[in-house]
Amino acid sequence: VRAYSAFSQEALRARDLLKDWAGEGFLTEAQYQRMGQETVCELRRTNIFLRLVLLLFTLIIVGAAVALFFVVFLSQPAMQATGIFLLIVAAFSYAAAELAISHGRLYRYGIEEALAACSVGFLCAGIQASMFSGHPYSLKPDRAEFLVPATGAIVSLWIWHRFGLPYASLAAMIFVLWLPGYWTSSHSAQHLIVAAFYAVGLLIVAAVRRRHRFTYLNDEYSIAEALLWLGIYLAINLQLSSVNLLGQLWGWTADSKAVLFQSNRNDHWGIFKQSLNEDTAEPIVTGSEDAYNPRISPDGAWVVYIVRPREAGVSAPVQLMRIPVSGGAPQSVMTAYVYDEHRCAKSPAKFCALAEQTSDRKQLVFTAFHPLKGRGRELSRFDIDPDPNAAYGWDLSPDGTRIAVFKHSDGRIYILSFSGQQPREISVRGWNSIQSVDWAADGKGLFVSSSTPQGADLLHMDLHGNAHLIWQQKGNTASSTQTGFGGPSIPWAVPSPDGRHLAIYGWSLSANIWMIENF
Amino acid sequence: MRSSGRIAPHPENGDYMTIFTRLEQWNERDVISSEQHTLLAGLSRREPFSLFLELNILLYAGILAFVTGLGWTVSTWSQQLGDVLVLTILSALLAACFWYCFSRAPAWSSGETHSPNLAFDYVLYLGSLIWSVELAYLEKRFHMLSGQWDLYLLATASLFVFVAYRFDNRFVLSLALSSLAGWFGLTISRWPSHQDAAYRQYAILYSLMISGAGATLRRRGLKPHFFGTYLNIAANVLFWALLSGVFNREGYFVWLLCLLAACGASLSWGLVRRQFSFVAYAAVYGYVGVSAILIRDMNSSTAVLSYFFVTGVAMLVMLVQIARRFGREA
């Protein structure tokens with residue numbers, strides 16, 4: 001099953017050894033030349049620099065060819081069609097790698113390595129797109145989606161075995177890292193599962209290697225064994241504690257690599273940023289005042305947030321502040337009577353928006369503000385129920401052209417357009433107690449949470465009211481107007497700016513009841 | 001004659017010759033002597049088992065980890081430890097490292113000299129890195145040069161050049177050249193009317209200067225094997241500087257011509273001297289520069305992708321031809 005004959009690879013090994021021995025002075029030049037003539041093999045190798053450049057240009061060719069095919073023939077393809085096409089490309093890439101070896105006799109030449117790497121990448125992307133892209137936020141695919149990294153790991157192992165590329169075993173190990181995430185949310189369990197996989201691999205490799213101690217395969221298995229030992233060490237020694245955040249999710253950084261949340265550590269509400277790859281959060285605002293509602297500015301450079309004095313009521317004016325995303329000195333943006341909270345659009349839009357209630361309590365006035373320049377023009381108005389118990393929520397669309405507004409515990413959402421069109425009413429089909437609304441990253445839908453008799457549901461809804469369930473939280477929950485400070489609150493979801501991730505805020509509480517008898 | 005007294009291992013499926021079989025045959029045909037056969041068969045069996053690579057990796061990683069930990073400790077605990085204690089410890093470590101190097105090093109020679117032992121080079125790296133930590137600490141705590149970091153870099157570059165030549169160490173030489181490049185950059189940033197273009201010109205000057213210095217030193221027989229280090233750093237700085245000119249919207253044509261000339265020089269140097277890193281530089285930097293110009297005004301994604309496909313194939317064919325003619329290993 002190996003692409004290269006044992007004779008060829010042993011001859012290459014002999015040549016390498018002869019070169020080393022000649023360099024060390026164990027062989028004379030004449031001996032080296034004569035022995036070299038007897039170890040000639042038909043495989044073509046090149047030096048490391050040309051190998052790397054050949055690999056780079058092969059990747060460019062394959063990438064450009066695939067993208068060109070998409071642009072010319074599949075301008076707006078369905079995801080499943082995309083997936084099938086990628087699977088075909090993967091098969092072609094693999095066949096091309098085989099051909100480069102069988103006909104071109106290439107050995108560590110860069111070209112066949114790039115083709116083999118492309119085949120793995122396209123295969124995984126193809127499986128992901130063709131089998132698990134029914135709906136980007138659907139719950140269903142998650143259960144079987146582990147097949148993607150599992151296939152990646154198996155095919156990488158096959159390429160390692162067939163072509164003898166040492167880094168293919170490393171690729172397989174990296175694919176294995178993703179597997180436990182589909183089975184358990186516990187970080188400790190994930191680490192242990194990965195370590196268990198590596199340990200099994202180590203046992204197999206060590207057993208096989210014993211039979212090849214003096215052949216050309218020894219080095220290949222040695223590298224794999226060393227990588228597995230290293231993997232086990234890292235898997236069980238890296239931090240085993242799970243993420244422990246007591247905070248509320250509000251937004252993402254502009255690069256979609258970190259979430260922003262508020263947390264009441266050290267007896268004060270502060271603002272924190274946590275990268276998706278990290279287990280710990282980085283403080284951004286941790287002053288003596290309570291800071292809430294972090295939102296990223298449209299240009300991605302600032303975190304815009306609210307400072308509300310603790311003794312002031314919810315109807316008191318608040319200070320809107322800004323602070324650089326990387327940390328620094330907070331600066332004031334403006335003071336306002338902010339209703340609910342502020343929101344920010346995404347670049348190329350340049351503004352954030354806030355809602356203020358008119359003095360007669362009959363309207364919400366939406367006003368733009370610039371994180372650096374302060375208050376801007378009025379965007380829209382919306383008639384509301386003046387009853388003090390009636391609460392409203394809203395969100396600004398990512399392109400800054402519309403606002404979605406709703407009454408808490410109602411089943412309708414209103415879309416206000418800034419271009420003068422009449423407000424549009426959308427009824428959420430199947431749910432009638434809306435608690436939060438957040439625009440999807442593409443502006444073509446909304447993430448909506450709704451109370452239910454069993455708890456709360458998180459939905460993705462298009463702009464025609466067609467909703468489907470993406471998250472369910474069972475048990476009693478507090479309304480989002482109570483913002484969960486005192487107990488489990490409804491979940492809500494904030495999509496990343498690139499639309500590839502969905503951060504879901506959830507709060508669950510479990511307790512035991514003890515019954516004591518005969519006291 | 002089987003002087004080793006051992007039976008050479010054969011593969012179980014033995015349809016090919018292992019190195020042991022080959023050595024036996026060469027020994028029987030008197031291509032190699034019995035002593036050579038014994039030695040080489042032992043080496044093939046990894047007897048003695050070499051830990052050279054593993055020890056080098058561990059030493060290198062250990063030095064990096066130690067210096068990182070030292071820097072973290074000093075920056076975190078300087079208030080509690082006190083300046084005197086911190087500086088005493090750093091100075092003592094620095095002195096110990098350089099005392100070790102000076103006491104163990106072979107006599108200076110203008111030619112290539114080898115390290116007296118495996119640990120020597122790593123003690124030298126440790127000393128060099130501790131020097132950097134101590135300088136950073138002095139500036140942070142005492143602002144001795146009022147934030148004139150460029151002078152620290154110049155002093156560091158000078159020290160590292162001396163150390164590199166005294167102990168024949170290319171790694172320290174590359175640290176010296178990097179520090180010198182940093183000095184250039186920081187100095188320019190202090191100029192009141194500095195512009196990005198100034199960086200480009202001085203980067204070119206820097207690369208010409210260090211390649212000239214390397215060539216002069218080589219001609220004079222002063223560590224001629226260092227020339228490759230000078231040339232690799234100079235080539236990369238030069239290519240980056242020229243590329244930054246090519247990326248300009250205006251006046252890029254001159255820079256493109258310079259880039260093409262540099263690529264031609266790098267390619268021919270690499271092929272003639274069989275230093276294929278220079279062939280790689282020419283191919284990659286040249287391709288990036290020319291592509292930047294050609295796709296600059298292309299609005300159609302089809303055209304851009306077609307360009308990458310066609311030129312990628314052309315580059316691949318050319319590189320395969322080069323690899324076949326010049327870069328063959330087996």
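Just so it is clear: chains get the letters A, B, ... in the order the sequence lines come, proteins before strands, and each one is counted from 1.
Atom CG in B/Leu40 sits 14.0 Å away from atom CZ in B/Arg22 (nearest 0.5 Å). Between the OH atom of B/Tyr307 and the CG atom of A/Leu68 there is a distance of 14.5 Å, given to the nearest 0.5 Å. To the nearest 0.5 Å, the span separating OG on B/Ser207 from CG on B/Leu177 amounts to 11.5 Å. To the nearest 0.5 angstrom, A/Tyr167 atom OH is 14.5 Å from A/Trp160 atom CH2. Taking OG1 of A/Thr46 as the reference point, atom CZ of B/Arg324 lies at 11.5 Å (rounded to 0.5 Å).
In terms of non-hydrogen atom pairs under 4.5 Å with chain A, the most contact-rich of B/Ser44, B/Ser33, B/Ser301 is B/Ser44. The candidate from B/Ala283, B/Gly270, B/Ser306 with the greatest count of non-hydrogen atom pairs under 4.5 Å with chain A is B/Ser306.
For A/Gln9, no part lies under 4.5 angstrom from a heavy atom of chain B. For B/Leu23, the part sitting under 4.5 Å from any heavy atom of chain A is the side chain, from C-beta outward, and nothing else. Heavy-atom distances place both the backbone and the side chain of A/Thr39 under 4.5 Å from chain B. Heavy-atom distances place the side chain of B/Tyr287, and not its backbone, under 4.5 Å from chain A. Contact annotation for A/Leu56: only side-chain heavy atoms (C-beta onward) come within less than 4.5 Å of a heavy atom of chain B. In this structure, chain A has heavy atoms under 4.5 Å from both the backbone and the side chain of B/Val320. Using a 4.5 Å cut-off between heavy atoms, A/Thr58 touches chain B through backbone and side chain atoms alike. Contact of A/Asn218 with chain B is made through the side chain alone, with heavy-atom distances under 4.5 Å. Looking at A/Ala11, both its backbone and its side chain come within 4.5 Å of chain B, counting heavy atoms on both sides. Only the side chain of A/Leu18 comes within less than 4.5 Å of a heavy atom of chain B; its backbone N, CA, C and O stay farther away. In this structure, the portions of B/Val313 lying under 4.5 Å from any heavy atom of chain A include both its backbone and its side chain. Of the two parts of B/Leu39, only the side chain, counted from C-beta on, holds a non-hydrogen atom closer than 4.5 Å to a non-hydrogen atom of chain A.
For the pair A/Arg45 and A/Asp16, the salt-bridge criterion is met [side-chain N within less than 4.0 Å of a carboxylate O]. In this structure, A/Glu38 does not pair ionically with A/Arg15, as no charged nitrogen and carboxylate oxygen lie closer than 4.0 Å.
The stretch residues 95-115 of chain A places A/Tyr109, A/Ile111 near chain B, each with some heavy atom under 4.5 Å from a heavy atom of that chain.
Residues meeting the side-chain hydrogen bond (donor to acceptor under 3.5 Å, both in side chains) test with B/Thr73, sequence neighbours left out: none.
Within a 6.0 Å radius of OH in A/Tyr94, other residues, nucleotides and ligands contribute more than 12 heavy atoms.
Defined by atom type and a distance below 3.5 Å, a donor-acceptor pair is present between the side-chain atoms of A/Ser8 and A/Glu42. A donor and an acceptor atom, one from each side chain of A/Gln33 and A/Glu29, are located under 3.5 Å apart.
Looking at B/Asn27 and B/Ser34, their side chains come closer than 4.5 Å, going by heavy atoms from C-beta outward.
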### Task
Under the salt bridge (charged side-chain N to carboxylate O under 4.0 Å, His left out) rule, what do A/Lys19 and A/Glu24 come out as? Steps first, then yes or no, please.
CA-CA 9 Å; A/Lys19 195 175 174 184; A/Glu24 295 288 334; over 6 Å; no
